[in-house]
Amino acid sequence: MSHRFLAPLSLLACSLAAAHYVPALPDSAIAKPSRQFGLPFAGAPGVNSWLLGQGYGNTTGAYRQRQRTYGNLQGLHAGLDFSAPCGTPVRSIGDGTVAEVDGPHGSPPHNVVIDHAGNLSSLYGHLLERSSLRVGTKVKRGDVIGKSGDSQLTCVSAPHLHLELRDASHQRFFNPLPYIAANWDTLSLAGSFGRGYEYDLSAPRKWQTPDSQPQVSRGGRLLNEFAQPWPPAPGGSR
Ligand SMILES: [Zn+2]
């Protein structure tokens, strides 16, 4: 095998590492949840505006794709999905600085990452088009940072925003609920997924409410390889 291409590739890898992957941060360096952020959409929720869709954590959807899609996220849905028509303005959940536009952190076709105080970062995924913001731009809570899109690129099959709250080293993913001031009880009732959590019938109360979901660490072991899952994986497949 020729080594001609290794040098440029390793340079590229280094530049990505320098730009996006800082050493893992200790818990003490990360702001604790105090409802310090807002919602990523303006106005009231509703069938013609936006609704909470899939929750964070141990969802049935994540369970079905625990290896294929979420294998690097311990099998869990590491963010919140908000259903919204394509083109709905997406807003920064807090004051911060644009850290990435279409960076390497998933949720295609387009995404934005904003760094906030307390070593927290928010990711806005499945955006309709590339954000016009530039890396380094300061934003205020509520500023429009892009337009919501569709993970399946149709704007009729799965139009939604995927929102994550991470530590700034992008190694850990937090349940956004205690960080975002909102009426989560009402939003959870109105959303299209219902409760939507996967049961382990040998521990049926575990991770069954929106605010009792575990933290996710990148590359950790699957948390939902349950002894007695319900609903079972379709056809026993993974
Ligand atoms: Zn999602």
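Since the structure is predicted, the reported quantities are computational estimates derived from the model, not experimental observations. Order of listing sets the numbers, starting from 1, for every ligand and every atom in it.
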Quiz item: Going by distance alone, is a donor N or O of one side chain under 3.5 Å from an acceptor N or O of the other, for Glu100 and His105?
Solution: yes
Quiz item: Can you find a side-chain donor-acceptor pair between Thr154 and Asp150 that sits under 3.5 Å?
Solution: yes
With carbon and hydrogen excluded and only N/O/S kept, which atom of [X] is nearest the Zn ion (ligand 1)?
{"X": "Asp81", "value": "OD1"}
{"X": "His162", "value": "ND1"}
{"X": "His77", "value": "NE2"}

Self-check item: Identified side-chain hydrogen bond (donor to acceptor under 3.5 Å, both in side chains) counterpart of His116 within the set Ser122, Ser121, Ser92
Solution: Ser122
Exercise. Would you name the heavy atoms of His170 and Val113 that are closest together and state the gap between them?
Key: CE1-CG1, 3.9 Å
Quiz item: Does His126 put an N, O or S atom under 2.8 Å from the Zn ion (ligand 1)?
Solution: no
Quiz item: Got an N, O or S from His160 under 2.8 Å of the Zn ion (ligand 1)?
Solution: no
Practice problem: Anything under 30° is parallel, anything over 60° is perpendicular, the rest tilted; go ahead and classify His126 against His160. | Solution: perpendicular
